[in-house]
Number of protein chains: 2
Amino acid sequence: MRFSRQRQVVYQTLQQTDTHPDAQWVYNKVREVLPNISLGTVYRNLNELCCAGMVKRISASDNVERFDARTASHAHFVCRCCGKIDDVFDSNVDVGETHGTVESVEVMVYGVCSECMKGGNYCG
Amino acid sequence: MRFSRQRQVVYQTLQQTDTHPDAQWVYNKVREVLPNISLGTVYRNLNELCCAGMVKRISASDNVERFDARTASHAHFVCRCCGKIDDVFDSNVDVGETHGTVESVEVMVYGVCSECMKGGNYCG
DNA sequence: TCCGTAATTAGTAATGATTACTACTTAATA
DNA sequence: TATTAAGTAGTAATCATTACTAATTACGGA
């Protein structure tokens, strides 16, 4: 993977925020530095960085993919009213006190299923 | 909330599968019983059922919302190759053995953040 | 330092999921 | 049964994301 100027700025931009932004937000932010970058380039680089393990993709039920440059494992608090995503780093914290009213907790285990491992559908 | 024929069939269809389908799959399945139902109706009913707490929405990073009529809390195994979602009911199970290779575990806490609770942005 | 070349980009078009809109229909209640 | 607000079918619109292409560029080797 080459390290183009565009890819650098996309990555740095994501590292400098803790708001778990979507591609459009990253695009707007990066344009302050690279006014001619295209939205497609932002999308492609976010995907490349995800593949490289430098960025994590966050899906939180509002039809928008969000991204996080903090790859250390941590939980997220998602507000279903404003869509905001907070980090929950400390497992001892009372989320209900610190972040808001808790309605449900979802645990998602990501990986490659047995059929795909066997069938050679394994992708990367 | 009224209990229209369409809503009944959408709900029943979702109850009769454990594949965590998306709206299109539900649409195709429901059309076997109600050939004239429209895709918009399926979407609207899935959303209504979510609001009513009878159905859960599952976001798993492939640009499609999936739905689950099993509202009892349980974890999900998501294959990043084929997109399949398995239920993980038994917390004692070795997910790596039973479902596939585990790459990451994400914990999402859903709720309403403090600002929205205070600001009257609370929505339902 | 200069080439060669494959990776990357900008710009635009296409795709695909989801929502919005409207005139018509129907479930549920009095 | 009559009323009526909720629900529906069908279609158009929206919006996030991906695909495509000709031009540009990073980077290893001469």
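Just so it is clear: chains get the letters A, B, ... in the order the sequence lines come, proteins before strands, and each one is counted from 1. None of these values were measured; they are calculated from a predicted model.
- Using a 4.0 Å cut-off on heavy atoms, the residues of residues 10-44 of chain B that approach DNA chain D are B:N36, B:I37, B:S38, B:T41, B:R44, listed by number.
- Not one side-chain nitrogen or oxygen of A:N63 sits closer than 4.0 Å to the OP1 or OP2 atom of D:dT14.
- Two residues are said to be in side-chain contact when any heavy atoms from C-beta on lie closer than 4.5 Å; A:Y11 and A:N45 fail this criterion.
- Distances shorter than 4.0 Å separate some side-chain N or O of B:N47 from OP1 or OP2 on C:dT19.
- At whole-Å resolution of the value, CG in B:L49 and P in D:dG7 are 11 Å apart.
- With hydrogens and angles left out, the side-chain atoms of B:R7 and B:S4 include no donor and acceptor closer than 3.5 Å.
- Annotation: A:K29, atom NZ; neighbour count of heavy atoms from other residues, nucleotides and ligands within 6.0 Å does not exceed 12.
- Distance CG (B:D62) to P (D:dT18): 11 Å, rounded to an integer number of Å.
- Spacing between atom CG of B:L46 and atom C1' of C:dT18 amounts to 12 Å, rounded to whole angstrom units.
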Query raised in the report: Quick one: what's the B/S/- string for nucleotides 23-30 of chain D, heavy-atom cutoff under 4.0 Å, read 5' to 3'?
Result: --BBS---

Query raised in the report: What's the verdict on side-chain contact (heavy atoms from CB on, under 4.5 Å) for A:V42 and A:L46, showing C-alpha distance, side-chain angles and the deciding distance?
Result: CA-CA 6 Å; A:V42 172; A:L46 288 172; 3.8 Å; yes

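- Note that CD of B:E115 and NE2 of A:H99 are 11.0 Å apart. Values are rounded to the nearest 0.5 Å.
- In this structure, a donor-acceptor pair under 3.5 Å is absent between the side chains of A:R31 and A:N36.
- When the P atom of D:dA9 is taken as reference, atom CZ of B:R7 falls 11 Å away, rounded to whole Å.
- Side chains of B:D87 and B:H20: a donor on one and an acceptor on the other come within 3.5 Å.
- In summary, of the residues considered (A:T41, A:L14, A:L39, A:V9), a side chain to side chain contact (heavy atoms under 4.5 Å, CB included) with A:V30 occurs for A:V9 alone.
- Counting any heavy atom pair closer than 4.0 Å across all strands shown, B:E65 reaches sugar-phosphate atoms only and no base atom.
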